[in-house]
Each structure stands twice: as structure tokens, then as C-alpha cells.
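Each remark here refers to the structure printed beneath this line.
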Amino acid sequence: KKKFLLLTYPARYATIVMQHVLYINYLKEGFPMPPAARITKEMILNTVLDITREAGFEAVNARSIAGRLQCSTRPIFTCYNSMEELKAGFLDFAYDFYSQYVADYSASIKVSPCLLLPLSYIEFARDETNLFKLLFIKDMDLDMAEAMDFYREKGNEKKAGIFSEAIGVEPERAKEIFLDLFLYSHGMAVLTATKKLSLDRNAAEKMLSKLLSALVRQEKPDWELPGA
């Protein structure tokens with residue numbers, strides 16, 4: 001055993017010395033060592049987005065992120081103090097992704113402005129099921145002790161105002177109709193995300209149109225759904 005140690009230690013020492021010699025020669029030639037790849041928050045968030053879209057947010061952890069980025073877990077906790085902090089940042093990031101999805105949907109599909117939000121919501125549930133479940137089922141920031149608590153959520157009041165102008169109904173009544181339309185489309189979207197309902201866009205649009213027309217015509221009997 002002692003003889004083995006005497007043979008191996010000098011060999012290891014020689015390897016270390018050789019590495020230092022090569023490094024010094026490398027610097028003398030004027031070529032600095034290449035910097036280590038820097039892991040940024042954006043890289044982490046995009047990686048979490050990829051994992052979530054493919055396997056659901058349940059598959060997201062420090063190791064799965066590090067595996068995709070081919071690094072240790074240390075850079076992740078340099079950017080974030082905890083996985084809870086990372087999740088909070090990712091929810092905002094994922095909602096921005098959803099908002100861009102709606103914008104792209106609006107640009108690519110001819111649909112009445114009145115039905116843009118509910119139709120894109122249902123399509124998002126079908127196309128991005130795992131993100132939909134995270135944003136609008138598991139971590140939906142909505143606590144409705146009463147129906148109109150819906151408007152305590154940031155942005156819903158503004159959306160209802162735009163909707164009011166689109167359907168030509170006074171704001172307070174439009175808020176009630178907008179909420180009814182949301183609850184109906186949310187049910188359709190959840191059933192779609194959980195594979196309990198399968199509708200193409202035309203079928204979903206027809207169902208939403210019938211509901212919206214019935215609600216608005218209580219106020220304006222001759223109302224017709226505005227075109228795209």
C-alpha cells in the first residue's frame with residue numbers, strides 16, 4: 001500500500017504542475033482564459049418556461065433547471081434566494097407569455113373584438129395546457145367571495161370598460177355581462193385543459209356568440225355581434 005502511494009502521488013503532482021505550466025504559457029501568449037458562462041435570470045425563466053410547457057410546473061426544481069442549463073444549482077440561487085421567489089418571478093413571466101399569445105391570436109385570427117378574450121383563453125387552454133393549469137387553475141390570483149369581486153383583480157375593470165364600448169352597453173351592465181361571459185368561457189377552458197371537452201374554434205365561437213347575444217339583447221333587442 002505504501003509503495004502504491006509513492007508511485008501515484010508523484011504522478012498526480014506532475015499532472016498538476018503540467019497544468020500550471022500550460023496555463024502560464026497560455027497567458028504569456030496573450031490569450032486570456034475564456035470566461036465561464038454566466039447564468040442570467042432570463043435564461044432561468046426561459047428554462048422554467050420550457051419545462052413547464054413540456055411537463056408541467058411540478059417538474060420544475062433546482063436540479064431540473066440546472067440540468068437544462070448544464071450548470072450546478074449554485075447560479076440559480078445566486079439569482080434567486082429561494083424557489084418560492086423564483087416561482088413568483090416566473091408567474092409574472094408566464095403571464096407575459098400569455099398576453100403575447102393573445103396579441104398574436106388577435107393578429108392572426110379574424111374574430112369579433114367582443115369574443116377575442118374568451119376565444120383566445122379557450123385556445124390557450126388547448127395549446128398551452130400546462131401553462132393554463134398553472135396560471136388559471138392552480139395559482140389563479142382570484143378570490144371571489146361575491147361575483148363582483150372579480151373586479152378586484154388587476155386589469156379586469158379596464159377590460160370590462162373596453163368591452164362596454166365594443167357592445168354599446170352602459171358600463172355597469174356591461175360589467176355584469178363581461179363577468180357572465182368570463183365564467184362561461186372559464187368553464188369551457190378548464191374542461192378543455194382537463195381533456196373533458198374538445199371543441200374546434202368555430203364550435204366554441206358559435207357557443208360564445210349565442211350566450212353573448214342573449215345577454216346583450218336583454219338590454220338592446222336588435223343587437224348584432226360586431227364583425228372582426
Side-chain angles (χ1 to χ4, degrees), residues 31-111 113 115-143 150 152-159 162 182 185-201 204:
F31 300 105
M33 293 292 283
R38 181 171 180 270
I39 303 300
T40 65
K41 281 190 174 184
E42 185 176 5
M43 292 168 66
I44 293 170
L45 291 173
N46 277 308
T47 299
V48 175
L49 180 66
D50 290 341
I51 295 172
T52 302
R53 293 175 74 187
E54 293 171 16
F57 192 76
E58 298 81 3
V60 173
N61 54 58
R63 287 187 177 181
S64 64
I65 298 169
R68 292 287 184 105
L69 290 172
Q70 296 185 333
C71 67
S72 69
T73 59
R74 183 175 179 180
I76 298 167
F77 294 109
T78 298
C79 293
Y80 295 97
N81 292 323
S82 65
M83 290 300 293
E84 288 73 22
E85 183 182 322
L86 190 158
K87 181 180 181 181
F90 177 68
L91 287 174
D92 291 337
F93 186 80
Y95 194 83
D96 288 342
F97 180 91
Y98 164 69
S99 298
Q100 186 59 51
Y101 177 95
V102 175
D104 293 343
Y105 186 89
S106 175
S108 62
I109 302 294
K110 289 185 178 181
V111 62
L115 297 180
L116 171 61
L117 289 178
L119 268 178
S120 60
Y121 190 69
I122 294 167
E123 293 277 306
F124 187 75
R126 186 191 66 192
D127 295 342
E128 297 289 349
T129 299
N130 288 324
L131 278 177
F132 178 86
K133 288 179 178 178
L134 175 67
L135 289 172
F136 302 116
I137 299 179
K138 296 177 182 176
D139 280 271
M140 191 175 194
D141 186 19
L142 184 62
D143 185 11
F150 175 75
R152 294 171 60 184
E153 185 181 354
K154 183 180 178 181
N156 285 346
E157 190 88 33
K158 182 179 179 181
K159 291 174 185 175
I162 296 170
F182 164 74
S185 58
H186 181 67
M188 292 174 66
V190 170
L191 289 171
T192 298
T194 53
K195 311 301 182 187
K196 304 298 183 183
L197 180 67
S198 179
L199 293 174
D200 61 26
R201 186 177 68 84

Start with the C-alpha gap between D104 and Q100, add the side-chain angles, then the distance that decides, and say whether side chain to side chain donor-acceptor pair (under 3.5 Å) holds.
CA-CA 6 Å; D104 293 343; Q100 186 59 51; 2.8 Å; yes
Aromatic ring pairing F97/F124, orientation class (parallel under 30°, perpendicular over 60°, tilted between)
tilted
Below 4.0 angstrom, N of the basic side chain to O of the carboxylate: do E84 and K87 qualify?
no
Option passing side chain to side chain contact (heavy atoms under 4.5 Å, CB included) with F93 (candidates L86, V48, N46)
N46
Please answer whether the main-chain N or O of A59 pairs with a side-chain N or O of S64 as donor and acceptor at a distance below 3.5 Å.
yes
Between I39 and I76, is any pair of side-chain heavy atoms under 4.5 Å apart?
no
Quick one: pull up CG in D200 and CZ in R126 and give me the separation to the nearest 0.5 Å.
8.0 Å
CD1 on I109 to CG on L119, rounded to 0.5 Å
9.5 Å
How long is the gap from CD on E153 to NZ on K159, to the nearest 0.5 Å?
7.0 Å
Is any side-chain heavy atom of L131 closer than 4.5 Å to one of R53?
yes
To the nearest 0.5 angstrom, please state how far the NZ atom of K133 sits from the OG1 atom of T194.
7.0 Å
With distance as the sole test, does S106 use its side chain to make a donor-acceptor pair with the main-chain N or O of V102 at under 3.5 Å?
no
Establish, yes or no, whether a centroid distance under 6.0 Å links the rings of F132 and Y121.
yes
Quick one: are K195 and T129 in side-chain contact, heavy atoms under 4.5 Å?
yes
With rounding to the nearest 0.5 angstrom, report the NE2 to CG distance, H186 to L191.
9.5 Å
Gap between atom SG of C79 and atom CD of E42 - 0.5 Å precision:
11.5 Å
Answer yes or no: are there more than 12 heavy-atom neighbours, outside R63 itself, under 6.0 Å from its atom CZ?
no
Please find the pair of heavy atoms, one from S72 and one from A66, that lie closest to each other, and give the distance.
O-CB, 3.7 Å
